[in-house]
Undergrad: 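Structure below; questions to follow.
For the numbers below, each heavy atom of this structure counts, side chains included, while hydrogens, waters and symmetry mates do not. Here is how names work: the chains are called A, B, and so on, in the same order as the sequence lines, proteins then strands, and each is numbered from 1.
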Amino acid sequence: MAQLQEGSRISIPTGGAGTGTSSGASAHTRVSSSHLHRVHAPTAPRSPGSIMPICVVIDPGTPVPSHLQRVPIPHLILSSSGSDTFVKAKVVKKFPLVSTESDYILKTVIQEYEDQQSLPSGFTSINAILFGPLARDFSQTVAEGDLLVMTGFTVERSPTVKKDGLHPCNLQLADRDVHIYVYPASTLGPHPSAVSTPPPITEAAKPKYTYAALKDLKAGMVVNLYGVVTFFKQPFRTKGTDYCFTLKITDQSDAKLGCSIFCEKLEDLPQIYKIGDIIRLHRVKMQPFNGAVNAINTLGFSVLAFDGSVGSPVAPRTSSRSFHFGDEDRRTVERLRAWAAHRSALPPKSAAPLSSVRPKMFFDFTCQLLAKAQIDSCCTLLKVWDGTVCADPLLSVPVDPGALEGSLAVTRGRRNLVADVLVFDDHVEVARGLKPGSYLRIYNLHAVPQSAEMPPGDGVPPGARGGGASEEGGAGGAGAGAPLAFHLHCGTAYGRGIRVLPEDSPDLQDLKRRLESMENDVSDSSLIEWCTPPESLDAEPENCLTVRTCDHELECVTLACVKNSPPPRVFHVRARLQSYQPERLCQALKLHCPKCRALQDVPDEEAIASVFQEALSEAGGMERGPDRLVFVEGATFQEMCQMLEEQTSMVPVRSSDGRMTLLDLSAPFLFQGPKRNYGCRRCSQLKHVELNPQEKTDQIEGIAEVLGVQPLQYVFLLKLALEDDSGRLDALLWNGSVRTEESFFCVPASDAEASQELQDWIRKTLDKLCPPGGRLEEHPWLDLCLRSYTVEEDGHHTVCYQICDTVIKRADV
DNA sequence: GTTTAGGGTTCG
């Protein structure tokens, strides 16, 4: 055979679109019209211009690019680079392509090419793991026996070195930078180990598995099954040689089946995390028990588990090194998910965040372990959190700091975040092995209100009662106010137990996001220590013109710290008002729909007048409703305003088909003295007015109801430019509240709309906060509560800030 | 060699 010369050039077509290769060419059609051919995956033609990482070399004499240096496989170490080196090796084993919803993975074992004179000793075979489209293309293009030249790989630690005895490293190949030159076995000539190219691997050639419906199972059968998990217990050691995992499953045939899986190794048991997970069992045997059948694993047994929620990735969980999983399997999983989602007979959801836990509840708790302490030989304390705040006060079990493994620093200064879990008896052993920081699911955890009236010896460890309960709960009193402790009772009934969840579990993603933002909060507050303390933080609160009304216990931070913190978050700041917009108060007044949340300008008088003008008709008149409510038809706007002096409330109406409806939503639907009330055009559904003497038309809600109007609220919307020594930040001031004590100016916007006096007062207030013509240093300090949030528009995310829970000190203005 | 377990609240 021709020699594969190193050190001479190779020409690889890398040019533009097409490069003369038929995009319809099958991966298995090895055309020999030139030295090298790009290979197109039959199912997914590549876009023009993309560079195929796999090239099939037809002429075995084709040399390798000269800039690449060959590394013998036994010489590969963790720090080896695959960017300017290559390995030359034969495919000795190719495992089936594993496809998940979003990815492909393929494992292959390659062996240092043996035609070398002095083959180095050592590990000549190595695992290569391919990812993504590369794995798919490799699966379709490469056969066992082919010779490969591979470059662009990374060298990682092989996790299977103990199992397979191969090279302690493996090669990992993702699309980027990878090039694989394939010398098909058939072109390699009379090499002793050359094998003829096997037939193409097609779907039909893969092993076919059939799965039995649970209702059809009879004793003695050995079958493959799919099912939705309705119950399971944590694995436990049997009196025999194995661990046991018991579970119950169901399927579309509505039958239920108990299963007992025995394995020597814990990791080989089904990886079931919650009820609703989906399981695939191969080769289980039906055994009669108690008048029904149970499934037991038998020779050749294998298991895959999947998350059961519709829409989550179909990613098989297994310890198997090779398994078959194809499109049909994915469809089966998705069908089971969809079926289970609409089935009320499945046990109700038992998982709950801390925020929805109520006294006496049993629930499954997904959380992070912060710290733990051994209380005695049969009780361990776990301090855990999930980033949500419990509605009830939480018991804090006092522990000698020396006895506590882990840290609670991250929760510093916050209340009702940390759940103290007392783990009893058989669970103590598992708890001993847990590492702070790990993510857990605690099954069938019991929320126990810790009443001070309970007699001594009620099971609370010494020193655990009372002390340390959150302030608002105090130590006393049974019922809702009693601080909650959490017990993981002895035994395994109801699946009681603890399990460490893998970091990539879909159930952890929300939790991790929550905890991350919490941790950012804490690290940011430590920023204050190295931010130069701004003058504003030294200012005495009594010198501030505003006061916060929130109950957040937050330290004041600088505006720079605010801007550096990811939203959403709440801050306390002390800053000056540099300027505000709009400067004209009437432009700051808006109408807001509490239903659809739309904002609109208040119509001006001219616009309102023209609405009335257009509706003027011959038929003019007034109809008196109850409670001095007057319906007016055929009046001009000016006439309405004149009549207002005599009438309490007036509704402009029009007639259609002899029945009365509201005039128009562009005009006020209700005039109340000087106050004008508007309705939302989007959310109102106008109806014919049918007056019922029982109708409560003395209130705006009642009138709106009669008309079919969704009332709008008046709000002030101002953009405030805030400044402190660290920087500047624009924040929205949203003064929509109708409750005086909650609004920034201590004046509801609806009152201000109709009152020149109140508008003057607001103007005066703004002038105090931001004196016209004054220097910034002379502006007063403001204590503010700020909230950051994200607004998405056209795919762009903008961080915004809003002033909340802050009011003007009336006495100062 | 071919078992082991076979769910059902509680530190009360």
Undergrad: With a 6.0 Å cut-off on the ring centroids, do Tyr243(A) and Phe245(A) count as close?
TA: no
Undergrad: Within the 4.0 Å heavy-atom criterion, would you say Cys378(A) contacts the bases, only the backbone, or no part of the nucleic acid?
TA: base
Undergrad: How would you label the contact of Tyr243(A) with the nucleic acid (heavy atoms, under 4.0 Å): base, sugar-phosphate, or nothing?
TA: nothing
Undergrad: Can you measure Gln287(A) atom CD to dT4(B) atom P for me and round it to whole angstrom units?
TA: 9 Å
Undergrad: Taking only the side-chain heavy atoms of His487(A) (C-beta and beyond), determine which of dG7(B), dC11(B), dA5(B) contains the nearest atom.
TA: dC11(B)
Undergrad: I need the CZ-P distance between Phe301(A) and dT3(B), as an integer number of Å.
TA: 16 Å
Undergrad: Working to the nearest 0.5 angstrom, can you tell me the gap between Ile110(A) CD1 and Ile126(A) CD1?
TA: 6.5 Å
Undergrad: Give the ring-plane orientation class for His489(A) versus His487(A), where under 30° counts as parallel, over 60° as perpendicular and anything between as tilted.
TA: perpendicular
Undergrad: Could you tell me whether Arg237(A) contacts a base, only the sugar-phosphate backbone, or nothing, with contacts defined as non-hydrogen atoms closer than 4.0 Å?
TA: nothing
Undergrad: Between dA5(B) atom C1' and Lys239(A) atom NZ, what is the distance in whole Å?
TA: 9 Å
Undergrad: Compare the minimum distances between each of dT9(B), dC11(B), dG7(B) and the side chain of Asp425(A), then state the nucleotide with the smallest one.
TA: dC11(B)
Undergrad: Grab the CG-P distance between Asp426(A) and dG7(B) for me, whole Å please.
TA: 17 Å
Undergrad: Given atom CG of Leu269(A) and atom C1' of dA5(B), what is their separation to the nearest angstrom?
TA: 13 Å
Undergrad: Checking one value: the base orientation of dG7(B), syn if chi is within 90 degrees of 0, otherwise anti.
TA: anti
Undergrad: How is Asn290(A) classified with respect to the nucleic acid when contacts are heavy atoms under 4.0 Å: base, sugar-phosphate, or nothing?
TA: nothing
Undergrad: Over how many whole Å does the gap from His489(A) atom NE2 to dG8(B) atom P extend?
TA: 15 Å
Undergrad: May I have the distance from Phe236(A) (atom CZ) to dA5(B) (atom P), rounded to whole angstrom?
TA: 7 Å
Undergrad: Answer with yes or no whether the side chains of Arg337(A) and Ser312(A) bring together a donor and an acceptor at under 3.5 Å.
TA: yes
Undergrad: If we require ring centres under 5.5 Å and near-parallel planes under 30°, does Tyr494(A) stack on dT9(B)?
TA: yes
Undergrad: So what does Thr241(A) hit on the nucleic acid, given a heavy-atom distance under 4.0 Å: a base, only sugar-phosphate, or nothing?
TA: base
Undergrad: Taking atom types as they are modelled, would you say the side chain of His446(A) forms a donor-acceptor pair with the base of dT10(B) within the 3.5 Å cutoff?
TA: yes
Undergrad: Given atom CZ of Phe232(A) and atom P of dG8(B), what is their separation to the nearest angstrom?
TA: 15 Å
Undergrad: Answer yes or no: does a side-chain N or O of Lys233(A) lie under 4.0 Å from OP1 or OP2 of dG6(B)?
TA: yes
Undergrad: Heavy-atom count check: over 12 atoms from other residues, nucleotides or ligands less than 6.0 Å from Glu264(A) CD?
TA: no
Undergrad: Please classify the nucleic acid contact of Ile296(A) as base, sugar-phosphate, or nothing, using heavy-atom distances under 4.0 Å.
TA: base
Undergrad: Select one nucleotide: of dC11(B), dG8(B), dG7(B), the one nearest the side-chain heavy atoms of Phe231(A).
TA: dG7(B)
Undergrad: Looking at dA5(B) and Phe262(A): do their rings stack (centroid distance under 5.5 Å, interplanar angle under 30°)?
TA: no
Undergrad: Classify the angle between the aromatic ring planes of Phe232(A) and Tyr443(A) as parallel (below 30°), tilted (30 to 60°) or perpendicular (above 60°).
TA: perpendicular
